[in-house]
Colleague: 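Attaching a single structure in structure tokens format; questions to follow.
Below, chain A is the first sequence line, B the second, and so on; all start at residue 1. No hydrogens, no waters, no symmetry mates; every other heavy atom, side chains included, goes into these values.
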Amino acid sequence: MYNFRAIEKKWQNYWDEKGTFNVSVDDSKKKFYMLVEFPYPSGTGLHVGHARVYSASDVQARFRRAMGYNVLFPMGWDAFGAPAEQYAIKNHVYPALVVKENSRVFKEQMKSLGLSIDWSREFSTTDPEYYKLTQWQFLQFYKAGLAYKSYKEINWCPKCKMGLSNEDAQGGVCERCGSPTTKKLKNQWVLRMSDYADKLLDGLDDTLFLDKVKTAQINWIGKSVGASVSFKLADCDDFIEVFTTRPDTLYGVTFMVISPEHEFLSKYKDRISNIDEVTKYQESAKRKSEIERTDNTKEKTSVLVKGLEAINPVTGDLLPIWVADYVLASYGTGAIMAVPAHDERDYAFARKFSIPIVPVIDGGDIDKEAYVLDGVHINSDFLNGLNKDDAISKMIDFLESKGIGHKQVNYRLQDWIFSRQRFWGEPIPMVYCDSCGWVPVDEADLPIVLPVVESYEPTDNGESPLANIEEFVNCKCPKCGGSAKRETDTMPNWAGSSWYWLRYMDPHNSNEIASMDAMKYWGQVDLYDGGMEHATRHLLYARFWNIFLHEQGLVPYSEPFLKRIAHGMILASNGEKMSKSKGNVVNPNDMINEYGADALRTYEMFIGDYSKDASWNELGLKGCSKFLDRVWRLQSRLSDNLGYTDSLEIIINQTIKKVTNDISNLDYNTAVSALMILLNEMEKLDSITRSDYRVLIQLLNPFAPHITEEINSVCGLGEELSASAWPVYDEDKTVSLSYEMVVQVNGKIRGKIVVATDASNDEMLKLAYDIPNVKVFTDGKEVVKEVVVPKKLVNIVVK
RNA sequence: GCCUGUAUGGCGAAAUUGGUAGACGCGAUAGACUCAAAAUCUAUUUUUCGAUGAGGAAGUUCCAGUUCAAGUCUGGAUACAGGCACCA
């Protein structure tokens, strides 16, 4: 066993002292920007899942460097958020100190992995110099009219006095303290992201995101084309507006459903005879999450709103109005027209509450189930006999002519609620003045710094802990100079991560996000690696942010990321998620101590398809450590000769080709396997040349940078690997002169024979028929067909 | 529930995208070296019939289908994973 501990330390110190991986703008070189989602520096330290992702990014960075690129491979910390705040509340420590300590540990661990990061560009989203610019960018959103205040509901735990995510409020119970949660209406800052829905959709065409990532984004935006229709209330000159993708089924509407949050319930409370029942239902809805509310396996609950009725605009029929929580206030108008004959949910609802079902599309048997397929219209007056598309456009024309509806595009994408009632986030730089209203902080007064205090206890009324800190809250109005109060909401965790890749390009610039020169040179992120769990929100927020900055002339590209990929997770050996509570977390430090960083990196690359989850198995790591040991011991076979050994020439060229392609395609596991095969071949020989050895360690270098650099140095094989060009292969020398041809009869293998690579189809057939075992299956049979696949196989079809 | 993925030996996996299923690694078994062990090396290792040979049969979650040929394509089912807007 070679002394990996000393070797790894030696090269890590060497790279550190020399600044080997620090880069600067260099117009003479093409650039490659390798970005990986920066971590939240938790107190538990790095996880082997992190190690896989950063190792893979490092393989890519080292490979691209060898390919001649000027590679930007930076790292930083996404450190605002609840965990640091919770820790701070409990231990009365300023959260910045927690962040400092945690990120120090993370950095140390990353260094011990031998990552080729340019550490001169490190920052944390919690640095005042950084969040000053985050605040500045918020002001640009505000000044462009994209930030507004609006009342939005949040999950609320009355005991913890905290806003909760849906996950933390699952089943109407606070995950932290177990007490029942409710909803609270808060006046929140919101960014007008839905205005960018089409831009976010169209921009995807200019990217090379993985298809599943694109699909996730497209579905999240959820564009649908339909119509807005106004239903007049009976006895009243007011209208319920609905969005529907099927205005052609208007003749089949027999009732309407509104969400418990619908404004008419309070507006007309005096006319609703069963208002107590309705109010009770509204309360129960507050305890449910949207997932529970829209779960189709659960029985629909609903209350008839007595005293309010709407009128079907085409039939003139009176429509009962129901309130039900499966209708969400956040989608469309918070009200729907129900067509029970042709919608499964409406059908189940109508059946349960004995509401009439009127078929308007021919087909199916509506006594049994809703008919959701296409057909011609019936019972629909002027639409009768038309197909779906024609009926939709004719109905929209009709609605427009009557002034009670119009064509409309609807999005699932909502505006971005940008307020959090937390201490540990970027303060939103706004001031409320009784005479001037909301006023933005003067840009020159940024950053609005988080105060250093002893207690971060939450408030009783749902305000941020900042609201308790008077010296923070009280200020002068930037406009009139009168006394005013600061906004105490802070920004969501997503804010700091919505522009961090720009900052890496010019991290010490104190005047602007980054200089235009730096942003033009480093350009778009060439490869952005992150988890699938961030493929919707983070990626959409970041793209929205960047598109906006581009429109403001602040950044040179509209789309920030050229290619976004998604890696899998590392699971415990039993396939469960690793978590502290289950006690199954594997610490990379322990693995590095026992097997070395090179072995850990190689194993994590070899463990399986990078895009898929993989279960941890220490025996696999042991195997990779053995592999590196064998590479080390190959030194004993090293001769003084140069040039590839004749018998290795083809496999060396094949391996260069395979490893090059595999790393480019992120097929790290098969690249490692190809290197193992090459090593197996070399070990069969008594001696290998210096060129043989050098090419092996060059190809292995991105995976195991320390041991390869050491072998290269002690054997004097050539220039330092981190400064060497990637080996090239000769295509002609990747193909051998002969191959094993497969012979099938009726698709079953009946023989194999070695054939010259350049054999003609006729020669292949002749050799196939000559095989004794093939004769057994063809003799006396009629040959129906002969299939010849050059350089592969022959299939003889007989009857 | 909805959206998106995934499913291959005892285990992690591969398969040039319709052309030899199981490369490579782990584990296991047997052997060499050793007083012995570890380490290392060699051989075997999908199941089954056959004699440990030649060879045959079955086999990529399940059920159908397309094709000379299906892990790969089509339709349906099941299970698991990720996301569902204040976890990061």
Side-chain angles (χ1 to χ4, degrees), chain A residues 1 37 39-40 42 78 80-83 154-156 162-169 175 188 211-213 215-216 218-220 222 289-298 326 330 345 412-417 419-422 492-494 497 531-538 540-541 566 568-569 571 573 575 577 603 606-609 611-624 626-627 629-630 633 658 661 667 669-670 672-677 680 683 740-750 752 772-773 776 784-787 789 792-798:
Chain A
M1 181 68 89
E37 281 170 357
Y40 184 89
S42 69
D78 185 19
F80 274 128
I154 61 168
N155 295 310
W156 177 253
M162 247 180 80
L164 299 173
S165 66
N166 280 338
E167 174 171 312
D168 290 341
E175 200 183 56
Q188 316 248 41
D211 279 344
K212 63 175 175 183
V213 174
T215 308
I218 290 167
N219 290 341
W220 187 274
S289 71
E290 290 195 356
I291 293 174
E292 289 171 283
R293 283 171 57 165
T294 53
D295 190 333
N296 271 345
T297 55
K298 301 229 167 91
Y326 77 89
S330 57
R345 278 199 308 193
R412 208 185 70 94
L413 179 72
Q414 299 164 27
D415 281 347
W416 179 4
I417 302 176
S419 280
R420 296 293 183 273
Q421 289 73 44
R422 297 208 192 282
N493 216 240
W494 311 105
S497 56
M532 204 53 209
E533 70 274 19
H534 290 138
T536 46
R537 283 172 297 165
H538 159 62
L540 277 166
Y541 293 142
M569 290 187 299
L571 307 171
S573 52
K577 239 180 178 169
Y603 171 57
F606 185 62
I607 195 168
D609 185 334
S611 66
K612 292 189 191 145
D613 293 350
S615 295
W616 184 260
N617 179 3
E618 200 170 322
L619 289 169
L621 170 53
K622 225 172 178 170
C624 286
K626 222 159 81 176
F627 163 66
D629 234 359
R630 285 162 57 204
R633 289 201 304 266
K658 177 145 184 70
N661 291 340
D667 293 327
N669 53 336
T670 50
V672 174
S673 143
L675 291 168
M676 288 172 171
I677 293 169
N680 290 345
E683 281 184 335
E740 193 174 55
M741 179 178 84
V742 168
V743 182
Q744 301 178 330
V745 179
N746 288 350
K748 287 192 191 263
I749 296 165
R750 298 304 179 189
K752 294 176 187 180
N773 196 44
V776 172
V784 184
K785 192 169 185 177
E786 290 165 337
V787 180
V789 183
K792 217 143 250 165
L793 59 72
V794 165
N795 186 12
I796 301 161
V797 186
V798 297

Colleague: Rounded to the nearest angstrom, tell me the gap between atom CZ in A:R422 and atom P in B:C86.
Modeller: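 Rounding to the nearest Å, CZ of A:R422 and P of B:C86 are 10 Å apart.
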Colleague: Determine whether a donor-acceptor pair (N or O, by modelled atom type, separation under 3.5 Å) exists between the side chain of A:N795 and the backbone of A:G747.
Modeller: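 Present.
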Colleague: Less than 4.5 Å apart, any side-chain heavy atom of A:V743 and any of A:R750?
Modeller: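 SC-SC contact between A:V743 and A:R750 ruled out.
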Colleague: Can you name the residues that form a salt bridge (Lys or Arg N to Asp or Glu O under 4.0 Å) with A:K212, not counting sequence neighbours?
Modeller: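 For A:K212, no residue satisfies salt bridge (Lys or Arg N to Asp or Glu O under 4.0 Å) once neighbours in sequence are set aside.
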Colleague: Output yes when at least one side-chain N/O atom of A:R412 is less than 4.0 Å from OP1 or OP2 of B:C3, else no.
Modeller: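 So the side-chain polar atoms of A:R412 never come under 4.0 Å of the phosphate oxygens OP1 or OP2 of B:C3.
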Colleague: Going 5' to 3' along nucleotides 4-17 of chain B, which nucleotides have protein heavy atoms under 4.0 Å from the base (write B), which only from the sugar-phosphate (write S), and which from neither (write -)?
Modeller: S-SS----BSS-B-
Colleague: Report the glycosidic orientation of B:G9: syn if within 90° of 0, anti in every other case.
Modeller: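 What B:G9 shows is a syn base, its glycosidic angle lying within 90° of 0.
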Colleague: Please work out if A:I154 contacts a base, only the sugar-phosphate, or nothing of the nucleic acid, heavy-atom cut-off 4.0 Å.
Modeller: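 Contact class for A:I154: base.
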Colleague: Classify A:L619 by what it touches in the nucleic acid, base, sugar-phosphate, or nothing, heavy-atom distance under 4.0 Å.
Modeller: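 Sugar-phosphate, backbone atoms only, no base.
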Colleague: Please check if any side-chain donor atom of A:D609 sits under 3.5 Å from a side-chain acceptor atom of A:N669, or the reverse.
Modeller: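 A:N669 and A:D609 do not have a side-chain donor-acceptor pair below 3.5 Å.
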Colleague: Report the base-pairing partner of B:C24 (Watson-Crick or G-U wobble, both distances below 3.5 angstrom), or none.
Modeller: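 Partner of B:C24: B:G12.
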Colleague: Donor-acceptor check, side chain of A:E37 to backbone of A:G531, threshold 3.5 angstrom: yes or no?
Modeller: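 Present.
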Colleague: Which nucleotide sits closest to the side chain of A:Y541: B:A23, B:A85, B:G19?
Modeller: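 For the A:Y541 side chain, the nearest candidate turns out to be B:A85.
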Colleague: With side chains defined as the heavy atoms from C-beta onward, is the minimum distance between A:M162 and A:R422 less than 4.5 Å?
Modeller: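 Yes - at least one pair of side-chain heavy atoms lies under 4.5 Å apart.
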Colleague: If only atom types and distance count, is the side chain of A:Y603 paired as donor or acceptor with the main-chain N or O of A:N617 below 3.5 Å?
Modeller: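 Checked: pair present.
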Colleague: Give me the distance, rounded to whole Å, that separates B:U45 from B:C24 when you measure between the C1' atoms they each carry.
Modeller: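 Per the computed distance, 15 Å lies between those C1' atoms.
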Colleague: Separation of A:E175 atom CD from B:C86 atom C1', in whole Å?
Modeller: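 A:E175 atom CD is separated from B:C86 atom C1' by 13 Å.
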Colleague: Could you state the CG-P distance from A:D168 to B:A88, rounded to the nearest angstrom?
Modeller: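 The answer, rounded to whole Å, is 8 Å.
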Colleague: Please state how far atom CG in A:L621 lies from atom P in B:G27, giving the value in whole angstrom units.
Modeller: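 Rounding to the nearest Å, CG of A:L621 and P of B:G27 are 12 Å apart.
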Colleague: If we ignore hydrogens and angles and just use 3.5 Å, is the side chain of A:E683 paired with the main-chain N or O of A:N680 as donor and acceptor?
Modeller: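 Absent.
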Colleague: Base, sugar-phosphate, or nothing: which does A:H534 touch, judged by heavy atoms less than 4.0 Å apart?
Modeller: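 It contacts base atoms.
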Colleague: If we take the P atom in both B:G22 and B:U60, what is their distance in whole Å?
Modeller: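 Each nucleotide's P atom is 14 Å from the other's.
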Colleague: Please give, in whole Å, the distance from B:C2 P to A:I291 CD1?
Modeller: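 It works out to 13 Å between those atoms.
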Colleague: List in chain and number order the residues that pass salt bridge (Lys or Arg N to Asp or Glu O under 4.0 Å) with A:R412, two or more places apart in sequence or in another chain; answer none if no residue qualifies.
Modeller: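 Testing A:R412 for salt bridge (Lys or Arg N to Asp or Glu O under 4.0 Å), a comparison that skips the adjacent residues, returns none.
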Colleague: Taking for each residue the nucleotide of RNA chain B with the nearest heavy atom, is it A:K752 or A:T294 whose nucleotide lies nearer the 5' end?
Modeller: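 The residue closer to the strand's 5' end, by nearest nucleotide, is A:T294.
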Colleague: Roughly how far apart, to the nearest Å, are B:U29 and B:U34 at atom P?
Modeller: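 These two P atoms come out 23 Å apart once rounded.
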Colleague: Quick one: label A:W416 by what it contacts on the DNA or RNA (base, sugar-phosphate, nothing), any heavy atom closer than 4.0 Å.
Modeller: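 The answer is nothing, as A:W416 stays clear of every strand by at least 4.0 Å.
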Colleague: For A:R293, enumerate each residue passing the salt bridge (Lys or Arg N to Asp or Glu O under 4.0 Å) test, keeping only those at least two apart in sequence or located in another chain.
Modeller: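 Salt bridge (Lys or Arg N to Asp or Glu O under 4.0 Å) check on A:R293 returns A:E261.
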Colleague: Let me know the distance between CD of A:E290 and P of B:C86, rounded to the nearest Å.
Modeller: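 Rounded to the whole Å, the gap is 10 Å.
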Colleague: Could you check A:Y40 against A:Q414 and say which one's nearest nucleotide on RNA chain B is further toward the 5' end?
Modeller: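 It is A:Q414, whose closest nucleotide lies nearer the 5' terminus.
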Colleague: Under 4.5 Å between any side-chain heavy atoms of A:L164 and A:E175, yes or no?
Modeller: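 With C-beta onward as the side chain, the pair stays apart.
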Colleague: Answer yes or no: is there a donor N or O on one side and an acceptor on the other, between the side chain of A:D613 and the main chain of A:G568, under 3.5 Å?
Modeller: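 Here the side-chain-to-backbone pair does not exist.
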Colleague: Going by heavy atoms in the side chains, are A:S330 and A:E290 under 4.5 Å from each other?
Modeller: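 SC-SC contact between A:S330 and A:E290 confirmed.
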Colleague: Taking the six-membered ring for Trp, are A:W416 and A:Y541 parallel (under 30°), tilted (30 to 60°) or perpendicular (over 60°)?
Modeller: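 Ring orientation, 0 to 90° scale: parallel.
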Colleague: Just checking A:P39: base, sugar-phosphate only, or nothing, at a heavy-atom cut-off of under 4.0 Å?
Modeller: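 No contact at all - A:P39 keeps every heavy atom at 4.0 Å or more from the nucleic acid.
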Colleague: Searching all strands shown, indicate the nucleotide that pairs with B:G19 (Watson-Crick or G-U wobble; both distances under 3.5 Å).
Modeller: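 Result: B:C68.
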Colleague: Checking base pairs now: Watson-Crick or wobble, both atom distances under 3.5 Å. What partners B:U6?
Modeller: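 Pairing partner: B:A79.
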Colleague: Whole Å only: how far is the CD1 atom of A:I749 from the P atom of B:U20?
Modeller: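 The distance from CD1 of A:I749 to P of B:U20 comes to 7 Å, rounded to the nearest Å.
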Colleague: Reckon A:E618 touches a base, only the sugar-phosphate, or nothing at all at heavy-atom distances under 4.0 Å?
Modeller: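 No contact.
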Colleague: Enumerate all atom pairs, one protein N or O and one N or O from nucleotides 37-47 of chain B, separated by less than 3.5 Å.
Modeller:
unit_1, atom_1, unit_2, atom_2, d
B:U40, O3', A:R633, NH2, 3.4

Colleague: Would you tabulate the nitrogen or oxygen pairs shorter than 3.5 Å linking the protein to nucleotides 62-69 of chain B?
Modeller:
unit_1, atom_1, unit_2, atom_2, d
B:C68, O2', A:N795, ND2, 3.3
B:C68, O2, A:N795, ND2, 2.6

Colleague: Has the side chain of A:Q421 got a donor or acceptor atom sitting under 3.5 Å from an opposite partner on the base of B:C86?
Modeller: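 Donor-acceptor pair under 3.5 Å: yes.
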Colleague: Contact class for A:N155 vs. all strands (heavy atom < 4.0 Å): base, sugar-phosphate, or nothing?
Modeller: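 No contact at all - A:N155 keeps every heavy atom at 4.0 Å or more from the nucleic acid.
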Colleague: Give the nucleotide from the list B:A85, B:A58, B:A88 with an atom nearest to the side chain of A:W220.
Modeller: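 My answer, after comparing the listed nucleotides, is B:A85.
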Colleague: Using Watson-Crick or G-U wobble geometry with both distances below 3.5 Å, tell me the partner of B:U52, or none.
Modeller: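 Matched B:U52 with nothing under the 3.5 Å cut-off.
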Colleague: To the nearest Å, how far apart are A:E167 CD and B:G82 C1'?
Modeller: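 It works out to 12 Å between those atoms.
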Colleague: Could you tell me how far B:C11 sits from B:A69 if I compare only their C1' atoms? Round to whole Å.
Modeller: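 After rounding to an integer number of Å, I get 31 Å for this pair.
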Colleague: Applying a 4.0 Å non-hydrogen cut-off, can you work out what A:G163 is touching in the nucleic acid: base, sugar-phosphate, or nothing?
Modeller: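 Touches a base.
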Colleague: Is the glycosidic angle of B:U17 within 90° of 0, making it syn, or outside that range, making it anti?
Modeller: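 B:U17: syn.
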